[in-house]
Amino acid sequence: MSRLTLTGPDDYDLARDVCSYGYFRLAPNDWDPGRETLTRPLHLVDGPATFTIAQPDGAGAPLKVRADRRISRAESADARRQIERMLRLHEDLAEFHAVDPRWKDSGRGRIFRSPTLFEDVIKTITSCNVTWKGTINMNRRLCEVIDPAFPRPAQLARRRPATLRARCGVGYRDIRLVELARLFREPALTARLEDESRSDDDIHRELLGLPGVGPYAAANILQLLGRFSRLAIDTEMIAHGREALGMTGTPRQIEKQLHAHYERFGDQKFRSYWIERWTHYESDEGPASGWA
DNA sequence: GGTAGACCTGGACGC
DNA sequence: GCGTCCAGGTCTACC
């Protein structure tokens with residue numbers, strides 16, 4: 001068994017910042033509302049290891065991470081990198097809080113994601129054109145059938161689409177998932193999409209060329225890459241426009257109003273929208289960290 | 001450039 | 001228990 005300590009910013013709150021996006025409820029992530037810990041396996045050089053992340057001394061205190069087996073120095077560095085990606089531990093919120101001061105005092109602004117871009121892409125595809133329960137089922141079954149630590153590109157690429165459909169319940173997404181996995185088997189694709197020197201427009205254009213990725217998915221993957229300049233408009237966002245912002249009209253008319261409304265937040269517009277929407281959820285249902 | 005219809009699963013509903 | 005309808009985002013064909 002090995003232990004790590006991760007130090008984040010003073011306003012880092014594990015319970016709040018992990019439970020800030022629906023992916024914290026998707027396999028193989030396992031949030032324990034009672035203990036306020038996140039447990040999940042990660043792929044490392046010598047095989048998978050399961051990590052439990054806690055913040056025993058409360059918000060702002062260091063994160064204590066425990067692995068279920070002894071890990072090497074190289075594996076420790078890799079695990080640290082993956083966990084920091086998930087938690088967005090070193091993301092600078094100054095620009096966000098400058099354009100949207102509503103969240104400055106609380107320090108809100110981090111949106112949970114996956115340890116790898118590939119997992120974020122697959123989770124996005126499995127959230128399209130399906131109810132949330134369907135998304136939960138697909139991710140659970142991908143982990144049960146292919147890999148408990150979440151399928152890697154090479155593992156998914158060699159599966160037959162019919163197998164994914166029958167055993168993982170992914171429906172018509174089967175071929176698209178296999179095609180995506182084949183593309184992501186080449187590390188250059190991830191490197192290109194994570195290249196910070198490229199513009200948002202450039203990345204967005206490349207994302208739209210990927211199988212199964214349309215306007216919503218492209219914008220969502222962009223935010224998962226740390227680029228918040230585009231709104232990922234789905235039916236939930238249209239509902240948010242109606243219910244929280246008082247917009248009226250057809251979905252297309254509301255979409256235009258949403259673009260106009262969030263324009264003031266510039267390159268941070270998705271993050272402004274998301275924190276606002278998530279706060280509405282929590283005002284109705286209580287803190288997400290307590291959701292069953 | 002805009003739009004209709006198909007794609008698949010699971011839940012709601014009526015019988 | 002069975003059949004029908006509907007929601008969800010992307011893709012293709014067509015105008």
Side-chain angles (χ1 to χ4, degrees), chain A residues 21-27 111 113-114 117-146 151 156-157 159-184 189 193 200-201 203-225 227-244 247 249-260 262 269-270 273-274 277-278 280-281 284-285 291-292:
Chain A
Y21 194 63
Y23 290 6
F24 85 96
R25 305 178 78 183
L26 297 180
I111 303 174
R113 59 182 172 178
S114 303
L117 173 60
F118 179 67
E119 185 176 326
D120 272 338
V121 170
I122 298 301
K123 279 181 159 52
T124 298
I125 300 298
T126 58
S127 72
C128 287
N129 200 29
V130 69
T131 60
W132 179 241
K133 188 167 184 188
T135 304
I136 290 174
N137 287 339
M138 282 185 246
N139 280 271
R140 178 176 49 76
R141 287 156 80 175
L142 283 168
C143 292
E144 286 173 354
V145 173
I146 302 178
L156 204 51
R159 289 291 177 152
R160 287 186 305 143
T163 306
L164 293 184
R165 182 180 295 227
R167 298 187 62 195
C168 303
V170 302
Y172 67 90
R173 300 164 194 80
D174 55 357
I175 295 173
R176 295 172 190 174
L177 293 177
V178 172
E179 287 177 349
L180 277 168
R182 288 178 179 157
L183 292 169
F184 274 90
L189 176 56
L193 294 173
D200 290 7
D201 284 349
I203 304 279
H204 187 247
R205 206 174 304 117
E206 181 161 7
L207 287 171
L208 284 173
L210 296 176
V213 176
Y216 163 78
N220 196 57
I221 296 167
L222 267 187
Q223 72 86 3
L224 292 162
L225 282 164
R227 298 170 182 262
F228 304 96
S229 60
R230 280 185 166 70
L231 294 174
I233 298 184
D234 58 0
T235 52
E236 282 286 305
M237 187 170 188
I238 299 292
H240 181 77
R242 285 191 211 279
E243 294 159 15
M247 295 174 181
T250 65
R252 183 163 288 267
Q253 289 169 329
I254 290 179
E255 186 174 335
K256 286 183 181 170
Q257 293 170 59
L258 286 166
H259 282 298
Y262 287 104
K269 57 174 75 75
F270 179 87
Y273 153 66
W274 186 260
R277 173 170 152 189
W278 199 257
H280 272 271
Y281 284 161
D284 289 342
E285 301 173 38
W291 293 354

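Numbers restart at 1 for each chain; the letters A, B, ... are given by sequence-line order, proteins then strands.
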* **DNA chain C contacts made by residues 213-221 of chain A, counting heavy atoms under 4.0 Å** => A/V213, A/G214, A/P215, A/Y216, A/A217
* Asked: Hey, what do you get for CZ (A/F228) to CG (A/D200), rounding to the nearest 0.5 Å?
  -> 10.5 Å
* Structure fact -> The residue among A/L193, A/L208, A/L117 that forms side-chain contact (heavy atoms from CB on, under 4.5 Å) with A/I221 is A/L117
* Asked: Can you check the A/E236 CD to C/dG9 C1' distance for me, whole Å?
  -> 13 Å
* Separation of atom CG in A/L180 from atom C1' in C/dG9, rounded to whole Å -> 14 Å
* Asked: Can you find a pair of side-chain heavy atoms, one from A/M138 and one from A/V130, that are under 4.5 Å apart?
  -> yes
* If you look at every strand shown and take non-hydrogen atoms under 4.0 Å, does A/I175 touch a base, only sugar-phosphate, or nothing? -> nothing
* Asked: How are the rings of A/W291 and A/W278 set to each other: parallel, tilted or perpendicular (split at 30° and 60°)?
  -> tilted
* Side chains of A/L258 and A/Y273 in contact at under 4.5 Å (non-hydrogen atoms) -> no
* Can A/T124 and A/Y23 be said to form a side chain to side chain donor-acceptor pair (under 3.5 Å), step by step? -> CA-CA 9 Å; A/T124 298; A/Y23 290 6; 2.9 Å; yes
Please list, pair by pair, any protein nitrogen or oxygen found under 3.5 Å from a nitrogen or oxygen in nucleotides 6-10 of chain B.
{"unit_1": "B/dC8", "atom_1": "OP1", "unit_2": "A/R165", "atom_2": "NH1", "d": "2.4"}
{"unit_1": "B/dC8", "atom_1": "OP1", "unit_2": "A/R165", "atom_2": "NH2", "d": "2.8"}
{"unit_1": "B/dC8", "atom_1": "O5'", "unit_2": "A/R165", "atom_2": "NH1", "d": "3.4"}

* Asked: Any side-chain heavy-atom pair from A/V170 and A/R176 closer than 4.5 angstrom?
  -> no
* Asked: Could you give the CH2-to-C1' distance, from A/W132 to B/dG11, as a whole number of Å?
  -> 17 Å
* Spacing of A/E255 atom CD relative to B/dT3 atom C1', expressed in whole Å -> 14 Å
* A/Q257 side chain to A/Q253 main-chain N or O, any donor-acceptor pair under 3.5 Å? -> yes
* To do: Quickly work out the A/I238 CD1 to C/dG8 C1' distance and round it to whole Å.
  => 13 Å
* To do: Write down the distance between CD1 (A/I125) and P (C/dG8), rounded to a whole number of angstrom.
  => 18 Å
